[in-house]
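These notes are about the structure you will find just below.
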Amino acid sequence: MTTYGLRPTLLHTPGERLLRGKGVGPAVGAGAADDWIALDAGV
């Protein structure tokens, strides 16, 4: 196994991505209806 010494990746919720300036498409993605409900709940 190869390791590259990368730092852990921070995963953000769709709501956090919107707050950080991403557009709706990149923040939520194609998404299913459940993804949009989770976005509404998170905001």
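What you see is a predicted model; the values in this text were computed from it and never measured.
Applying the side-chain contact (heavy atoms from CB on, under 4.5 Å) criterion to L18, with sequence neighbours excluded, gives V24, A27, L39.
Going from atom CD of E16 over to atom CG of L11 covers 10.0 Å, rounded to the nearest 0.5 Å.
A donor-acceptor pair under 3.5 Å is formed between the side chain of R17 and the backbone N or O of H12.
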